[in-house]
2 protein chains.
Amino acid sequence: MGASLKDVAQLAGVSVKTVSNVVNNYPHVTPAMRERVQRAIDELGYRPNLTARHLRKGRTGIIALAVPELGNPYFAELAGAVIDAAARHDYTVLLDHTAGLREKEVLVSQGFRAHVIDGLILSPIELEAEDLLGRPGDAPLVLVGEREYDAPYDHIAIDNVAAARTAVRHLAGLGRQRIAFLGARREMARQPAHLRLRGWREELTAAGLPHDDSLVAATDGYGRWDGAAAMNALLDRGAQPDAVFAYNDLMALGAMRALVERGLRVPQDVSVVGFDDVEEGRFSTVALTTVSPDKQAIARLAVERVVARLAGAPQLQPERIRPGYTLVARESTAPRTG
Amino acid sequence: MGASLKDVAQLAGVSVKTVSNVVNNYPHVTPAMRERVQRAIDELGYRPNLTARHLRKGRTGIIALAVPELGNPYFAELAGAVIDAAARHDYTVLLDHTAGLREKEVLVSQGFRAHVIDGLILSPIELEAEDLLGRPGDAPLVLVGEREYDAPYDHIAIDNVAAARTAVRHLAGLGRQRIAFLGARREMARQPAHLRLRGWREELTAAGLPHDDSLVAATDGYGRWDGAAAMNALLDRGAQPDAVFAYNDLMALGAMRALVERGLRVPQDVSVVGFDDVEEGRFSTVALTTVSPDKQAIARLAVERVVARLAGAPQLQPERIRPGYTLVARESTAPRTG
DNA sequence: CTGAAAGCGCTTACAG
DNA sequence: CTGAAAGCGCTTACAG
């Protein structure tokens with residue numbers, strides 16, 4: 001049991017209000033009074049009970065972040081950036097992961113831990129727009145990532161179509177003609193890879209290249225293993241790509257591994273481009289070319305948006321915000337010289 | 001503004017106690033009463049205010065986890081496992097990272113967010129035993145990882161000396177004679193690599209191999225870049241190792257990258273063993289041999305320990321708990337055949 | 001099985 | 001510049 005405000009007030013011989021003033025650095029307190037109270041605080045080892053404060057103020061200073069999978073370094077790096085950005089606004093971060101399961105995403109979006117979180121940043125995979133309809137509570141929700149919704153919520157995401165086109169253009173510029181796409185899904189409509197696949201298709205057309213659907217590999221997940229499996233499936237059915245654009249770095253890395261195992265050389269035989277710019281791609285034996293979204297900006301904007309809404313920014317319209325990205329060319333798409 | 005218990009009670013024409021009984025699934029409530037109350041709850045869209053509950057009960061159901069760096073996949077994977085383990089006990093996880101900075105670790109260990117977290121799991125890098133002395137508050141603290149302290153706290157960590165010896169034994173068994181260690185620090189006493197370096201030294205002795213200090217590379221950090229830099233430094237000073245045991249997988253991966261850049265082959269010229277078994281090592285072009293700590297067990301045990309202390313387990317002595325580990329041999333230490 | 005009331009530890013008008 | 005008092009929304013003995 002720690003000491004309470006009342007205990008401190010009693011020891012210092014003042015009212016709780018005065019102690020509260022001191023604790024909260026209320027300016028108009030005489031130095032003598034401040035010192036007297038501080039002495040009592042030190043003596044008792046008093047620490048304010050934040051829970052009581054929360055109840056009283058209706059705010060906790062905690063925002064939740066829910067990502068699909070912390071094992072994916074993209075989300076781990078993003079989470080780190082969100083924690084830092086939140087700290088700059090004196091917020092702490094409650095972290096949850098959804099495994100990309102709609103059910104879990106719904107649970108989270110409906111406000112898990114009601115009243116203990118002031119706001120929520122969610123990176124959904126399978127969530128549908130209708131799931132967002134009757135959100136109870138008033139904790140602001142900010143969406144992050146490549147899924148798009150017709151829903152009145154802020155959404156922070158780079159322009160995935162344009163970014164994908166940049167990647168494909170890079171490959172086409174290298175003279176590659178049979179550019180595969182790894183990471184589609186069976187039903188395409190609203191899946192995460194949707195926009196990147198569209199970018200792939202658009203840019204192929206722009207480059208005057210046919211888009212051969214046998215060069216598209218569908219997967220169930222988005223990890224290294226899925227990338228390797230998709231690559232193998234493609235090769236097994238005789239697709240013979242000379243380049244691969246993968247949904248993300250993890251899949252690209254898995255694909256590279258599969259290529260090497262089959263005796264194909266990267267980049268000489270097959271060029272590879274990923275998406276996310278996770279650190280690991282910089283250190284793979286063949287360093288990975290990738291689309292690098294500005295993760296710091298994504299994290300910062302998401303947090304700022306939550307904070308602005310909490311500050312009651314008047315008439316803040318739900319907005320689609322597009323942070324920047326760059327194509328980082330590395331060894332996996334080095335021009336054929338040797 | 002959500003509805004309160006009182007609002008529900010009023011609408012249902014009962015006392016708040018009765019509503020509380022329903023909300024908390026108190027068994028002795030007549031079905032008719034339960035239904036009446038439930039109807040009022042539904043109508044008002046009532047959701048209990050957890051903050052108030054927390055204040056009243058003195059518990060929040062939140063435990064904090066502080067790791068050095070989420071960008072290190074080992075910690076990201078561990079964090080994921082902790083979140084899952086905590087969920088099994090109905091706890092949510094507040095996540096923070098310390099960058100391995102003593103100052104931040106002290107802050108965290110002193111109970112950041114007092115009263116909002118019920119307990120704390122901390123993986124320290126630079127924290128000293130004395131920093132743990134006058135911990136205020138009574139939130140249980142469980143330590144995790146390779147730093148060891150003479151302090152009355154639970155500590156979950158695999159046997160780092162034995163694990164390191166296993167790795168070095170594996171290398172020696174391959175006939176390697178000049179086994180380098182990557183990841184020491186300038187002042188060795190209490191640094192994280194301490195125990196693994198000791199294991200390296202002990203096993204070298206046991207194997208009848210001299211331990212040449214020129215084969216030990218010190219680093220400042222523990223990332224991929226540090227591993228590459230340490231490897232290069234070692235090679236630059238003409239050390240000529242035929243094997244490398246790195247403090248962790250990230251450093252091992254960085255070292256492999258450096259070796260390849262210098263035209264050295266892994267494993268033919270230099271065998272490499274890491275530590276952590278992060279998924280990325282399974283997919284590197286040369287799959288990485290590693291010591292694999294049982295992360296699930298570490299996470300589970302840490303959470304269980306916090307929960308047990310919160311449940312007021314009587315006379316629970318602070319304990320050092322040692323989860324298991326295995327050596328996973330992969331391509332980076334394949335026997336020389338070719 | 002249900003109700004009336006106190007209290008968790010704060011903050012904040014409202015006085016003075 | 002400081003004090004007395006109400007109230008945030010729950011839970012929990014204590015009665016009945």
Minimum-distance pair of heavy atoms, taken over all atoms of A/Q110 and A/G134:
OE1-O, 4.0 Å

Distance check needed: D/dG9 C1' versus B/L44 CG, whole Å only.
15 Å

Taking atom P of C/dC10 as reference, at what distance in whole Å does atom CG of A/L50 sit?
9 Å

Given the ring of B/F75, does B/K295 sit roughly above its face, with NZ or CZ under 6.0 Å from the centre of the six-membered ring and within 45° of the axis?
no

If we call it a pair only when both distances are under 3.5 Å in a Watson-Crick or G-U wobble match, what pairs with D/dA13?
none

Integer-rounded Å distance: D/dG16 P and B/H28 NE2:
21 Å

So does B/D154 pair up with B/R320, basic N to acidic O under 4.0 Å?
no

Of the listed C/dC1, D/dT2, D/dT11, the closest approach to the B/N24 side chain comes from D/dT11

Nearest-neighbour nucleotide for the A/A52 side chain, C/dC1, C/dC10, D/dT12 considered:
C/dC10

Out of D/dT12, D/dT2, C/dC1, which nucleotide sits closest to the side chain of B/K57?
D/dT12

Expressed as a whole number of angstroms, how long is the span from A/R36:CZ to D/dG3:P?
8 Å

Does any residue of residues 13-21 of chain A have a heavy atom under 4.0 Å from DNA chain D, and if so, which ones, in number order?
A/V14, A/S15, A/K17, A/T18

Among C/dT11, C/dG9, D/dC10, the one nearest A/L55 by side-chain distance:
C/dG9

Spacing between B/Q10 atom CD and D/dG9 atom C1', to the nearest angstrom:
14 Å

Can you confirm if the aromatic rings of B/H155 and B/Y153 lie within a centre distance of less than 6.0 Å?
no

In terms of side-chain geometry, is the basic nitrogen of B/E319 or B/R305 positioned less than 4.0 Å from the acidic oxygen of its partner?
yes

Round to the nearest Å and state the distance from B/D7 atom CG to D/dC8 atom C1'.
13 Å

Just compare C/dC10, D/dT2, D/dT11 and give me whichever is closest to any side-chain atom of B/R53.
D/dT11

Residue pair A/S4/B/M33 against DNA chain C: nearer the 5' end by closest nucleotide is B/M33

Nearest whole angstrom, please: distance from the C1' of D/dC10 to the OH of B/Y26.
17 Å

Quickly work out the A/R56 CZ to C/dT11 C1' distance and round it to whole Å.
4 Å

Nearest of C/dT2, D/dC10, D/dC8 to any side-chain atom of B/L5?
D/dC10

Nearest-0.5 Å distance that lies between atom OG1 in A/T60 and atom NE2 in B/H54:
10.0 Å

Presence of salt bridge, A/E43 and A/R39, under 4.0 angstrom:
no

Phosphate contact (C/dC8 OP1 or OP2) by A/T51 side-chain N/O below 4.0 Å
no

